Protein chains: 2
Amino acid sequence: MSASNGRATLHLPEFVPFRLNRLAVAVSDHLSAIYRERFGLQIPEWRVMATVGLVRDCTARYVGESTRMHKTRVSRAIAALVRRGLVERAPRASDKREMPLRLTRMGRRMYTALVPLALEREQALLVCLTTAQRHAFQQCLGRLEEFLGLA
Amino acid sequence: MSASNGRATLHLPEFVPFRLNRLAVAVSDHLSAIYRERFGLQIPEWRVMATVGLVRDCTARYVGESTRMHKTRVSRAIAALVRRGLVERAPRASDKREMPLRLTRMGRRMYTALVPLALEREQALLVCLTTAQRHAFQQCLGRLEEFLGLA
DNA sequence: TATTGTTATACTCTATAACTATA
DNA sequence: TATAGTTATAGAGTATAACAATA
C-alpha cells in the first residue's frame with residue numbers, strides 16, 4: 001500500500017468531524033460502564049434521571065428540549081423509570097396534559113450515588129489536560145455549540 | 001418545576017461527555033448532508049473511501065484499524081462500494097487472504113469531488129473559533145485521544 | 001385546532017457467532 | 001492453529017406516523 005499525493009488531502013485521523021465522533025463514542029463507552037452495568041440505565045434513561053434529579057417537576061417536554069432527545073425516546077425512557085419505581089408523575093391540575101416528573105425516594109438514592117461517580121469519570125478524563133487547556137477546551141465547546149444552535 | 005440544591009450537582013448541558021456526544025451528532029449530521037444525499041454514501045462507506053483514497057492498496061483490516069470500525073462493518077461497506085463500481089480489489093499474490101483495495105476511475109472521481117467539500121465543511125465549522133482557539137482545541141483533542149488510546 | 005404525551009410499526013445501524021479460504 | 005474476510009442472524013436504538021386526552 002502507498003500514500004497518494006493529490007492536491008487537498010483528507011487524512012481521516014486529523015479530520016475534526018471524525019475525531020469528534022470517535023472521541024464521543026470512546027467517552028460514552030467509558031462512562032456507560034457506570035450507568036449501564038452498575039445501575040441498569042441506558043443513555044436516554046440516564047439523561048432523564050440527570051434532568052429530573054436537578055429540575056424537579058419538569059415535564060417530558062422539558063427533558064426532550066434540554067437534552068435534545070426526540071419525544072418518543074423521552075417517553076419510553078420515562079416509562080421504563082416509572083416501571084422501575086425510580087420516577088413518579090401525576091397530571092398537573094392546571095393542565096392535565098402535562099405530567100410533572102420527580103424522583104422517588106429510591107430514584108433520589110440512585111441519583112445521589114450516580115452523580116459523584118459520573119463527575120469523577122468526567123474529571124478522570126479531563127486530568128490529561130492542563131487547567132488552561134481545560135478552560136480553552138470548554139470554551140471551544142461552547143463556541144461550537146453556539147455556532148451550531150445547540151446552546 | 002424547581003432546581004434542587006444537593007451537594008455535587010451535575011448539570012447535563014455542562015457535562016463534557018454529554019456535550020461531546022451532542023456536538024459529534026450535530027457535526028456528523030451537518031456533514032452527512034454531503035456524502036449521503038449528494039453521493040449516496042453512508043458513514044462507513046465514506047470512511048472507506050477516505051482511507052482507500054489516501055492509502056492505495058490498503059486492506060480491509062487496515063481500514064478497520066485506522067477508522068476503529070468493526071470488521072463486519074468494514075466488510076459490508078467495501079462490498080457496497082465494490083457493487084457500485086467505486087472500489088476494486090483482487091487477492092494479493094503473496095497472501096491470498098488479503099485483498100488490497102483501490103479506487104476505480106469512477107471512485108477516484110467521486111473522491112476528488114468529495115474531499116474538497118468535506119474539508120470546506122470542516123473549515124466552515126471551525127471558523128467560529130479564533131486561530132489560537134483552533135490550535136488549542138486540536139491539541140486538546142490530541143491529548144484526549146492519546147489518553148483514551150485512540151491515537 | 002394545537003399541544004402533551006403514548007404506542008404501533010418499521011427502519012437503520014451494529015455486533016456476535018459461525019463460516020470459508022488461506023497460511 | 002491462526003488470520004483475512006464474509007454472511008446469517010439477532011439485537012440495540014431510533015424515528016415516523018397515528019393516536020388519545022386535554023386545552
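For the numbers below, each heavy atom of this structure counts, side chains included, while hydrogens, waters and symmetry mates do not. Convention: sequence-line order gives letters A, B, ...; per-chain numbering from 1. Predicted model, so just to flag it, every value in this text is computed and none were measured.
The two atoms that bring A/Pro17 and B/Glu122 nearest to each other are CD-CG, 4.0 Å, heavy atoms only. Considering all non-hydrogen atoms of both residues, B/Leu54 and B/Tyr111 come closest at N-OH, 3.9 Å.
Projected onto DNA chain C by closest heavy-atom contact, B/His70 and B/Arg97 fall at different nucleotides, the more 5' of which corresponds to B/His70. Residues A/Asp95 and B/Met99 each lie close to DNA chain D; by heavy-atom proximity, the contact nearer the 5' end of the strand is made by B/Met99. Nearest-nucleotide assignment on DNA chain D puts the 5′-proximal partner with B/Arg61, out of B/Arg61 and A/Ala93.
Ion pair B/Arg76/B/Glu45 not flagged as a salt bridge, since none of the NZ, NE, NH1 or NH2 atoms sits closer than 4.0 Å to an Asp/Glu carboxylate oxygen. Salt-bridge annotation for A/Glu98 and A/Arg61: absent, with no side-chain N of the basic residue lying under 4.0 Å from a carboxylate O of the acidic one.
Nucleotide D/dG13 holds its P atom 12 Å from the CZ atom of A/Arg47, rounded to whole Å. Taking atom CZ of B/Arg76 as the reference point, atom C1' of C/dT14 lies 9 Å away to the nearest angstrom. In this structure, A/Ile43 atom CD1 and C/dT14 atom P are separated by 14 Å, rounded to whole Å. Between the CD atom of A/Glu98 and the P atom of C/dT6 there is a distance of 12 Å, rounded to whole Å. Separating the CZ atom of B/Arg73 from the P atom of D/dT6 is a distance of 16 Å, rounded to the nearest angstrom. Protein atom CD of A/Gln42 is 8 Å distant from nucleotide atom P of D/dA12, rounded to whole Å. When the P atom of D/dT7 is taken as reference, atom CD1 of B/Ile78 falls 12 Å away, rounded to whole Å. Distance CE (A/Met69) to C1' (C/dG5): 14 Å, rounded to an integer number of Å.
Distances were taken from every side-chain heavy atom of A/Thr72 (C-beta onward) to each of C/dG5, D/dT16, C/dT14; the shortest belongs to D/dT16. Which of D/dT14, D/dT6, C/dT22 sits closest to the side chain of B/Arg89 comes down to D/dT6.
Relative orientation of the B/Trp46 and B/Tyr35 rings is parallel, given thresholds of 30° and 60° on the angle between their planes.
Contacts of B/Lys71 with the nucleic acid, taken as non-hydrogen atoms under 4.0 Å apart, include base atoms. As judged by a 4.0 angstrom heavy-atom cut-off over every strand, A/Pro91 is placed among residues making no nucleic acid contact.
The shortest distance between the side-chain N/O atoms of B/Ser75 and the OP1/OP2 oxygens of D/dT6 is below 4.0 Å.
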